[in-house]
Every structure is written in C-alpha cells, then in structure tokens.
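Notes follow the structure.
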Amino acid sequence: MSSFVKYLIGAATCLILAGTAASDAVPPGFLEGNLKVVSPRAVEPSDAMPRPAFGTNAKYPLIILSQDGEKEIARVTPDESGHYRVALPPGAYVLDVQDRVAKRVRAKPQPFTVVSNQTVRVDMSIFAGLGRIRP
C-alpha cells in the first residue's frame, strides 16, 4: 500500500472519530425572556420639564451566573424591545443585572435551569432611578 493511501485512510479515520465525538456532545438549551425597566419618574417629557428617558435596554446588560452566583457564564444585552435569547449548556444558573448595585437599580436575581433542546423563559423587571441601594 502506498504511503499516500495510508495517509488518506488515516485522515479519514480521524475525521470519522472527530465527527463521532462531536455528535456525542449534549446540545444546548436556550434562555429567553423580556427585560422591563420601570422608573418612578415620568418617562415622557412634559411641556414644563423635560426628563431623561429610562428604559434604554443597552444600559442594563444581563449576566448569567453559575448556580452559586460566583462565576459569570455569559452576558446578554436585550434588544430595543427588551427581548433577549442566549444558548447555554444544560445546567442550573442565575440571571442578574450587571453592576446593579453600582447602577442603582433594584432587580431580584432569578435562578433557572436549562434543559438540552428546550427553551426556558425568565422575564426580568428592573426598578431604576431609586437612589442609594445597599448591597
């Protein structure tokens, strides 16, 4: 057998083994939801006094943490309408707002579980513009 044929057989074997290993990988699941930003201040400017608009979703990126809340797994920024979607490996996580204490927003971190090939929905409400918040 020529060395070229041996090389070709070896390469084909490697590709087959690599394809088998990749097909054994567990497919991800998905987290999706909607971010709602609530403010005690008026959102629409009045004739007498213009106010800044709250609810810019890019100001409030969300973070996905490990179940114990110690390790950041992913970040997701909601679109203009507040919708977000991200693929994650199966497991238990916590959804939170990035730098929520520093940004003076109130939001409750929300635990959730991702299952392979399924979508879990977790909506998040943020209360913004509320003054000093203690950690």
Side-chain angles (χ1 to χ4, degrees):
M1 201 182 301
S2 73
S3 60
F4 175 75
V5 173
K6 288 181 184 178
Y7 175 77
L8 191 59
I9 291 172
T13 303
C14 288
L15 288 174
I16 291 170
L17 292 175
T20 303
S23 67
D24 291 341
V26 177
F30 299 91
L31 163 69
E32 74 174 16
N34 199 40
L35 174 65
K36 181 178 181 181
V37 180
V38 179
S39 173
R41 301 179 191 170
V43 176
E44 295 295 323
S46 68
D47 293 337
M49 184 162 139
R51 294 188 174 97
F54 279 84
T56 306
N57 297 322
K59 286 177 57 177
Y60 304 105
L62 302 174
I63 54 174
I64 293 116
L65 303 169
S66 58
Q67 184 177 17
D68 61 8
E70 297 294 320
K71 181 180 176 189
E72 183 177 317
I73 306 299
R75 292 180 190 203
V76 61
T77 302
D79 65 16
E80 294 171 359
S81 64
H83 185 261
Y84 50 89
R85 182 175 172 89
V86 63
L88 294 166
Y93 302 96
V94 176
L95 179 66
D96 201 356
V97 178
Q98 181 181 340
D99 301 325
R100 70 180 150 83
V101 174
K103 291 179 180 177
R104 296 183 175 179
V105 297
R106 292 187 190 214
K108 182 180 178 185
Q110 302 204 30
F112 65 96
T113 302
V114 171
V115 177
S116 181
N117 287 325
Q118 293 185 16
T119 299
V120 62
R121 182 165 183 92
V122 180
D123 293 324
M124 177 71 78
S125 293
I126 295 175
F127 299 91
L130 296 173
R132 187 168 184 259
I133 298 174
R134 294 188 180 110

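By convention here, the first residue in the shown sequence is residue 1.
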Practice problem: Looking only at non-hydrogen atoms, find the nearest pair between M124 and A107 and report the distance. | Solution: SD-CB, 4.1 Å
Self-check item: Test side chain to side chain contact (heavy atoms under 4.5 Å, CB included) applied to K36 - qualifying residues, sequence neighbours left out
Solution: V38, S125
Exercise. Could you list the residues that satisfy side chain to side chain contact (heavy atoms under 4.5 Å, CB included) with P28, not counting sequence neighbours?
Key: A87
Quiz item: Roughly how far, to the nearest 0.5 Å, is the CD atom of Q98 from the CD1 atom of I64?
Solution: 11.0 Å
Practice problem: Under the salt bridge (Lys or Arg N to Asp or Glu O under 4.0 Å) rule, collect the residues that match up with D79, sequence neighbours excluded. | Solution: none
Quiz item: Under a 4.5 Å cut-off applied to non-hydrogen side-chain atoms, are Y84 and L95 in contact?
Solution: yes
Could you pull out all donor-acceptor pairs under 3.5 Å where a side-chain atom in residues 111-121 meets a protein atom, sequence neighbours excluded?
from	atom 1	to	atom 2	distance (Å)
S116	OG	P27	O	2.7
R121	NE	D123	OD1	3.3
R121	NH2	D123	OD1	3.1

Practice problem: Hydrophobic side-chain clustering at under 4.5 Å (ILVMFWY, transitive links): who's grouped with F30? Put none if nobody. | Solution: none
Quiz prompt | Q110: partners by side chain to side chain donor-acceptor pair (under 3.5 Å), with sequence neighbours left out | solution = none
Quiz item: Are L65 and V76 connected, step by step, through hydrophobic side chains (Ile, Leu, Val, Met, Phe, Trp, Tyr) whose heavy atoms are closer than 4.5 Å?
Solution: no
Quiz prompt | Hphob cluster co-occupancy, V122 + I63, side-chain heavy atoms under 4.5 angstrom | solution = no
Exercise. Step through the shown structure and confirm whether more than 12 heavy atoms of other residues, nucleotides or ligands are within 6.0 Å of CD on E32.
Key: yes
Quiz prompt | Pairwise distance OH(Y93) to CD(E72) - rounded to 0.5 angstrom | solution = 13.0 Å
Practice problem: Drop me the distance from L62's CG to D96's CG, to the nearest 0.5 angstrom. | Solution: 8.5 Å
Quiz item: According to a 4.5 Å side-chain heavy-atom criterion applied to Ile, Leu, Val, Met, Phe, Trp and Tyr, with indirect links allowed, do I73 and V94 form part of one hydrophobic cluster?
Solution: no
